[in-house]
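Read the structure below first, then the notes.
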Amino acid sequence: MGGRLWCLFPWATGAHVRGIDLGLSQAASLGAHLGRLHVSLGRACGRGLLPGVPDAVMAEVTSPKQAVEKSHRLSAAVADKGAAAPSVRRPPQLLINVGHRSPSTPAAAPSRRPLKMHGWTHGDVQYRNLLREGEELAAVLDWDRVGVRRYADEVARTAQVQFGVDGVFDLARVSAFGGGYRSVMSLEDTALADGVRRLWWKRMTDFWQLEFHYDRSDFSCDELFTADEALLHWWRTERLDQVEDAFAAGWIPRNSRSGRRGRVMLAARCRACSPKASSAVRMASAHAELWVRWPASRRRCTGRGR
C-alpha cells in the first residue's frame with residue numbers, strides 16, 4: 001500500500017511490566033524470548049521475507065575528541081540558559097580520563113569496525129514495547145526500528161533499558177536475562193563483552209537528550225537524561241568490569257523436575273565458578289539465591305546485590 005508493506009495482527013492485550021518487577025525466572029524467560037525472536041527473524045530472512053544480511057556490518061564509534069567537543073558545546077549552551085536548565089554532568093576531563101577504555105578507535109575520528117554475529121533485530125525491546133498477560137509474554141510491539149545489527153548490541157541494550165533502573169544495574173536479573181538468551185542463541189563471552197563495552201561508551205559520549213533540549217527546544221526527554229546520568233555515575237570505570245562479568249555469568253533457572261522449583265544455578269560458562277570471579281558476580285549470585293528463597297509475598301529487591 002503506497003509502496004510500503006503492512007501487516008495486520010489481532011488486537012493484543014496485556015500490561016507493561018518493568019524489567020525490575022520481573023522475577024529471575026521471568027528475566028531468564030525474557031532473554032530466551034529475545035533469542036527466539038532473533039532465530040525467527042533469521043528464518044524469515046532465509047525464506048526471502050526480509051532482505052539478505054551482509055557478510056559484515058559496521059559500527060560507528062565516537063572518538064574521545066568528538067565527545068569532548070560536543071560536551072564543550074553543550075556546556076556553553078547550559079551556561080547561556082542558566083543553572084535551572086539540565087546540565088552536562090560528564091565534564092570533558094572525565095571523557096578524556098576514560099577514553100582509554102573505549103572500544104578500539106583512532107584518537108581523532110570515528111571508527112567503522114566490522115562486527116560478527118549479526119542479523120535482523122527488533123531495535124527497541126523495552127518494557128513499553130512488551131505486553132504481558134500474567135506470567136507470560138503476550139506481544140512484542142513497535143517494530144519501526146527493525147534492522148540488521150549485531151546480536152550482542154541488542155542483548156546489551158535490552159538488558160540496560162530493562163534492568164538499569166534507579167541509577168544501578170540489577171546484576172542478578174542481567175545475568176538471568178543473558179543466560180536465558182544464550183540458552184537459545186550461541187553468543188561468545190568476547191562478543192557479549194564487546195557489545196556491553198560499546199554500549200557503555202555510547203552512553204558516555206551520547207548527549208541526545210540535551211541536544212533535543214537545546215537544539216530542538218524539545219523538553220519531553222529531560223527526565224530520561226536525569227535517569228541516564230544517574231546510571232552512568234554508577235557505571236563508570238570502577239564498575240565496568242563488574243557489569244561485563246554479570247552479563248557473561250548467565251544464571252539459568254533449574255528445571256522444576258529437580259525438586260528445587262525456582263532455584264537458580266550458574267551456567268557452565270560462568271566465571272563465578274573460578275576463584276577469580278569478581279565480587280559483583282558473587283554478590284549477584286548471593287542476591288539471586290536470597291531472592292528465590294524469600295517468601296513471594298515479601299519479595300522486594302533492595303538493590304543490595306546489584
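Small disclaimer: the values here were computed from a predicted structure and weren't measured.
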**Prompt:** Sub-3.5 Å donor-acceptor pair from the side chain of Ser175 to the main-chain atoms of Ala246, do we have one?
**Reply:** yes
**Aromatic ring proximity, centroids under 6.0 angstrom, His33 and Tyr181** = no
**Request:** Could you check if a side-chain atom of Val140 sits within less than 4.5 angstrom of a side-chain atom of Leu130, using non-hydrogen atoms only?
**Result:** yes
**Request:** Treat each ILVMFWY residue as a node, draw an edge where side-chain heavy atoms are under 4.5 Å apart, and state whether Val39 and Trp143 are in one component.
**Result:** yes
**Asked** CG of Leu210 to CG of Asp215: how many Å apart, nearest 0.5 Å?
**Response** 9.5 Å
**Request:** I would like to know whether Trp234 and Val243 meet side-chain contact (heavy atoms from CB on, under 4.5 Å); could you show each step before the answer?
**Result:** CA-CA 11 Å; Trp234 180 90; Val243 173; 3.7 Å; yes
**Fill in**
When rounded to the nearest 0.5 Å, the distance separating CH2 of Trp200 from CG of Leu231 is 12.5 Å
**Asked** Do Arg73 and Glu69 meet the salt-bridge criterion of a basic N to acidic O distance under 4.0 Å?
**Response** no
**Item:** Thr205 side chain reached by Gln66 side chain, heavy atoms, under 4.5 Å
**Value:** no
**Asked** Which atoms form the tightest heavy-atom contact between Arg173 and Gly19, and what is the distance?
**Response** CD-O, 3.7 Å
**Prompt:** Would you call Asp21-Arg132 a salt bridge at under 4.0 Å N-O?
**Reply:** no
**Message:** Between Arg182 (side chain only) and Leu187 (backbone N and O only), is there a donor and an acceptor less than 3.5 Å apart?
**Reply:** yes
**Distance in Å, Phe207 CZ paired with Phe225 CZ, rounded so as to fall on 0.5 Å steps** = 7.5 Å
**Worked verdict on Lys70 versus Asp206 for salt bridge (Lys or Arg N to Asp or Glu O under 4.0 Å)** = CA-CA 9 Å; Lys70 185 181 292 187; Asp206 192 5; 5.0 Å; no
**Request:** List the steps, then state whether side-chain contact (heavy atoms from CB on, under 4.5 Å) holds for Leu22 with Val17.
**Result:** CA-CA 7 Å; Leu22 299 176; Val17 180; 3.9 Å; yes
**Asked** Do the side chain of Ser71 and the main chain of Ala67 share a donor and acceptor less than 3.5 angstrom apart?
**Response** no
**Asked** Side-chain contact, heavy-atom cut-off 4.5 Å: Glu135 with Gln26?
**Response** yes
**Request:** Answer yes if Leu41 and Met117 sit in the same cluster of Ile, Leu, Val, Met, Phe, Trp and Tyr residues linked by side chain heavy atoms under 4.5 Å apart, and no otherwise.
**Result:** yes
**Request:** For atom NE2 of His16, decide whether the heavy atoms of other residues, nucleotides or ligands shown that lie under 6.0 angstrom number more than 12.
**Result:** yes
**Request:** Quick one: closest heavy-atom pair of Ser183 and Gly180, and the distance?
**Result:** OG-O, 2.6 Å
**Contact check, side chains of Asp170 and Val165, non-hydrogen atoms, under 4.5 Å** = no
**Asked** Tyr214 and Phe212: same hydrophobic cluster, using ILVMFWY side-chain contacts below 4.5 Å?
**Response** no
**Asked** Okay, side chain of Trp120, backbone of Pro51: is any donor-acceptor separation there less than 3.5 Å?
**Response** yes
**Pairing of Asp194 and Arg150 as salt bridge, 4.0 angstrom limit** = yes
**Message:** Before you tell me yes or no, could you show the steps for Arg36 and Met185 under side-chain contact (heavy atoms from CB on, under 4.5 Å), namely the whole-Å CA-CA distance, both residues' side-chain angles and the distance that decides it to 0.1 Å?
**Reply:** CA-CA 8 Å; Arg36 285 190 288 270; Met185 286 281 286; over 6 Å; no
**Item:** Least distance between heavy atoms, Ala152 atom then Ala191 atom
**Value:** CB-O, 3.4 Å
**Residue pair Gly35 / Val184: nearest heavy atoms and the distance that separates them** = C-CG1, 3.6 Å
**Prompt:** What is the distance from atom CE of Met204 to atom CG of Leu199, rounded to the nearest 0.5 Å?
**Reply:** 12.0 Å
**Request:** Evaluate the side-chain proximity of Phe177 to Gln162: yes if any heavy-atom separation is below 4.5 Å, no if none is.
**Result:** no
**Message:** Pairing donors with acceptors under 3.5 angstrom, does anything connect the side chains of His213 and Asp218?
**Reply:** no
**Asked** Does the distance from a Lys or Arg side-chain N to an Asp or Glu carboxylate O, for Asp142 and Arg128, drop under 4.0 Å?
**Response** no
**Asked** What is the ring orientation for Phe169 with Trp235, classed by angle as parallel under 30°, tilted 30 to 60°, or perpendicular over 60°?
**Response** perpendicular
**Gap separating the CD atom of Gln126 from the CD atom of Gln160, nearest 0.5 angstrom** = 11.0 Å
**Asked** Does the pair Arg197/Asp241 count as a salt bridge with the N-to-O cut at 4.0 Å?
**Response** yes
Could you list the donor-acceptor pairs under 3.5 angstrom formed by side chains in residues 43-50, with sequence neighbours left out?
none

**Message:** Can you confirm whether Val57 sits close enough to Arg149 that some side-chain heavy atom of one is under 4.5 Å from a side-chain heavy atom of the other?
**Reply:** no
**Message:** Please determine whether residues Val161 and Leu192 belong to a single hydrophobic cluster, defined as Ile, Leu, Val, Met, Phe, Trp and Tyr linked transitively by side-chain heavy-atom distances below 4.5 Å.
**Reply:** no
**Item:** CG on Leu30 to OG on Ser25, rounded to 0.5 Å
**Value:** 12.5 Å
**Request:** Give the intermediate values and the outcome of side-chain contact (heavy atoms from CB on, under 4.5 Å) for residues Thr13 and Leu131.
**Result:** CA-CA 7 Å; Thr13 60; Leu131 287 177; 6.0 Å; no
**Complete:** On a heavy-atom basis, the closest approach of Phe247 and Ala156 is CE2-CA, 3.9 Å
**Message:** Distance alone, cut at 3.5 Å: any donor-acceptor contact between the side chains of Gln209 and Asp222?
**Reply:** no
**Request:** State, with a plain yes or no, whether a side-chain heavy atom of Glu229 is found less than 4.5 Å away from one of Arg203.
**Result:** no
**Prompt:** Are side-chain heavy atoms of Glu154 and His122 found at a separation under 4.5 Å?
**Reply:** yes
**Message:** Hydrophobic clustering (ILVMFWY, side-chain heavy atoms < 4.5 Å, transitive) - are Val53 and Tyr151 grouped together?
**Reply:** yes
**Pair Arg198 + Asp153: basic N to acidic O under 4.0 Å** = yes
